[in-house]
Amino acid sequence: MPSERQEAPDVAAMHTELMQAAIEVCKEGIGAGQSPFGAVIATTDGRIVHRAHNTVRSSCDATAHAEITAIRGACRELKLIDLTGHVIATTCEPCAMCAAAIHWARLDAVIYGAGIADAQRSRFNELTVPIESLFHQGGSGVRIIPHILRDECAELFELWTRGPSPKPY
């Protein structure tokens with residue numbers, strides 16, 4: 001049985017790979033005129049189940065954040081509402097709505113890159129409730145793995161400002 005020390009690099013590499021996939025889907029969204037947020041849902045061993053970017057503008061749905069869209073897609077594909085045994089990697093710290101959905105979907109962990117402050121600097125109307133605080137106050141057991149590829153994820157906001165539709169909501 002491998003020790004934790006031997007497993008850590010593999011887990012860290014998996015987190016990085018998942019975040020790179022979330023970054024790529026975010027870039028697809030930016031190219032389609034959407035806001036700079038991307039997410040992937042994967043099994044705990046790293047097999048991606050669903051990829052999604054923010055579709056608020058194209059769907060005229062204020063709840064169509066990348067995390068919500070990814071959860072909806074994964075649940076449809078797996079024909080489940082309980083995503084135990086899965087993780088979500090998202091390019092930005094989830095807002096309160098998305099954090100609640102992550103909790104209710106029973107995902108094992110949330111891996112995120114940029115922080116709420118990065119979104120605020122790009123004029124997004126973020127609530128300043130850190131996911132750690134929300135999960136702690138609510139008694140959620142979802143693990144939080146913050147700041148994976150943080151700089152690359154924060155750069156997505158800069159890329160978005162140069163894109164076709166840099167209008168925050």
Side-chain angles (χ1 to χ4, degrees), residues 4 7-23 25-26 29 35-56 61-78 80-154 156-157 168-169:
E4 282 186 38
E7 289 178 354
D10 291 340
V11 172
M14 180 187 70
H15 293 165
T16 298
E17 288 173 21
L18 293 176
M19 189 58 69
Q20 288 169 332
I23 289 168
V25 76
C26 178
S35 300
F37 302 94
V40 299
I41 293 186
T43 58
T44 54
D45 64 0
R47 184 181 57 83
I48 295 176
V49 173
H50 196 80
R51 304 167 198 267
H53 58 75
N54 183 300
T55 59
V56 168
D61 178 355
T63 68
H65 292 195
E67 299 92 336
I68 301 289
T69 305
I71 289 168
R72 288 174 181 162
C75 287
R76 271 192 314 272
E77 287 179 33
L78 298 170
L80 298 169
I81 59 169
D82 182 339
L83 296 177
T84 300
H86 295 81
V87 300
I88 187 167
T90 180
T91 56
C92 190
E93 182 175 354
C95 70
M97 175 184 69
C98 292
I102 289 165
H103 168 79
W104 288 325
R106 292 175 173 67
L107 286 153
D108 291 6
V110 57
I111 303 158
Y112 72 84
I116 291 171
D118 296 303
Q120 287 178 313
R121 278 191 288 279
S122 291
R123 301 182 339 268
F124 281 91
N125 187 23
E126 298 298 311
L127 296 173
T128 57
V129 180
I131 193 170
E132 292 89 353
S133 175
L134 187 63
F135 280 0
H136 175 73
Q137 289 175 10
S140 181
V142 177
R143 285 180 300 121
I144 301 167
I145 303 154
H147 308 301
I148 303 299
L149 299 180
R150 187 217 167 273
D151 291 341
E152 292 88 336
C153 290
L156 294 167
F157 291 104
Y169 56 90

Visitor: Counting N and O atoms only, with roles assigned by atom type, does the side chain of Arg106 sit under 3.5 Å from a partner on the main chain of Trp104, one being a donor and the other an acceptor?
Guide: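 Answer holds: yes.
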Visitor: State, with a plain yes or no, whether a side-chain heavy atom of Asn54 is found less than 4.5 Å away from one of Thr69.
Guide: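 Not touching, per the 4.5 Å side-chain cut-off.
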Visitor: Which value, rounded to the nearest 0.5 Å, describes the distance between His65 atom NE2 and Thr55 atom OG1?
Guide: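 The OG1 atom of Thr55 is 9.5 Å from NE2 of His65, to the nearest 0.5 Å.
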Visitor: Could you tell me whether the side chain of His15 reaches within less than 4.5 Å of the side chain of Val11, counting heavy atoms only?
Guide: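 Yes - at least one pair of side-chain heavy atoms lies under 4.5 Å apart.
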Visitor: First locate atom CD1 of Ile41, then atom CG of Leu83, and finally report the distance between them rounded to the nearest 0.5 Å.
Guide: 5.5 Å
Visitor: Could you check Thr90 against Ile111 for side-chain contact (heavy atoms from CB on, under 4.5 Å), going step by step and ending with a plain yes or no?
Guide: CA-CA 6 Å; Thr90 180; Ile111 303 158; over 6 Å; no
Visitor: Determine the interplanar angle of the His103 and Phe135 rings, folded into 0 to 90°, and report it as parallel if under 30°, tilted if 30 to 60°, perpendicular if over 60°.
Guide: tilted
Visitor: Show the nearest heavy-atom pair for residues Val40 and Ala22, with the distance to one decimal.
Guide: CG1-N, 3.8 Å
Visitor: Closest approach of Arg51 and Ala21, non-hydrogen atoms and distance?
Guide: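 Smallest interatomic distance, heavy atoms only, reads NH1-CB, 3.5 Å.
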Visitor: Report yes or no: does Thr91 contribute a side-chain atom to a donor-acceptor pair with the main-chain N or O of Gly38 at less than 3.5 Å?
Guide: yes
Visitor: Determine the minimum heavy-atom distance between Ala114 and Arg150, stating which atoms define it.
Guide: CA-CG, 4.1 Å
Visitor: Go through Tyr112 and Cys153 one step at a time and tell me if the side-chain contact (heavy atoms from CB on, under 4.5 Å) criterion holds.
Guide: CA-CA 9 Å; Tyr112 72 84; Cys153 290; over 6 Å; no
Visitor: Just do the ring-ring contact (aromatic ring centres under 6.0 Å, His included) check on Phe37 and His53 with the steps written out, would you?
Guide: CA-CA 6 Å; Phe37 302 94; His53 58 75; over 10 Å; no
Visitor: So does Asp45 have more than 12 non-hydrogen atoms from other groups sitting under 6.0 Å from CG?
Guide: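 Above 12, so yes.
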Visitor: Distance-only, no hydrogens or angles: does the Glu67 side chain make a donor-acceptor pair with backbone N or O of Ile102 under 3.5 Å?
Guide: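 No.
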Visitor: Does the side chain of Val129 reach to within under 4.5 Å of the side chain of Gln137, using non-hydrogen atoms?
Guide: no
Visitor: Do Ser35 and Val56 make a side-chain contact, defined as non-hydrogen atoms from C-beta onward lying under 4.5 Å apart?
Guide: no
Visitor: If you measure from CE on Met14 to CD on Glu17, what distance do you get to the nearest 0.5 Å?
Guide: 9.0 Å
Visitor: A side-chain contact here means heavy atoms from C-beta on lying under 4.5 Å apart; do Leu78 and His50 qualify?
Guide: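 Leu78 does not reach His50 side chain to side chain.
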Visitor: Quick check: do Ile71 and Leu107 have side-chain heavy atoms less than 4.5 Å from each other?
Guide: yes
Visitor: Quick one: CD1 on Ile68 to CE on Met97, what's the gap to the nearest 0.5 Å?
Guide: 4.5 Å
Visitor: Less than 4.5 Å apart, any side-chain heavy atom of Leu127 and any of Cys95?
Guide: no
Visitor: Just by distance, do the side chain of Asp108 and the backbone of Gly85 share a donor-acceptor pair under 3.5 Å?
Guide: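 Here the side-chain-to-backbone pair exists.
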Visitor: For the residue pair Ala70 and Ala39, what are the closest heavy atoms and their distance?
Guide: CB-CB, 4.1 Å
Visitor: Report the C-alpha separation of Thr43 and His86 in whole Å, then their side-chain angles, then the decisive distance to 0.1 Å, and conclude whether the side-chain contact (heavy atoms from CB on, under 4.5 Å) test is met.
Guide: CA-CA 4 Å; Thr43 58; His86 295 81; 3.8 Å; yes
Visitor: Just verifying a value: how many Å separate Ser122 OG and Leu156 CG, rounded to the nearest 0.5 Å?
Guide: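 Spacing of OG (Ser122) from CG (Leu156) equals 10.0 Å.
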Visitor: Decide yes or no on side-chain contact (heavy atoms from CB on, under 4.5 Å) for Thr63 and Arg72, but give the supporting numbers first.
Guide: CA-CA 11 Å; Thr63 68; Arg72 288 174 181 162; 3.1 Å; yes
Visitor: Does Pro146 reach the side chain of Glu132, with side-chain heavy atoms less than 4.5 Å apart?
Guide: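 A side-chain contact under 4.5 Å exists here.
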Visitor: Can you tell me how far the CZ atom of Phe157 sits from the CD atom of Gln120, to the nearest 0.5 Å?
Guide: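 Rounded to the nearest 0.5 Å, the CZ-CD separation comes out at 10.0 Å.
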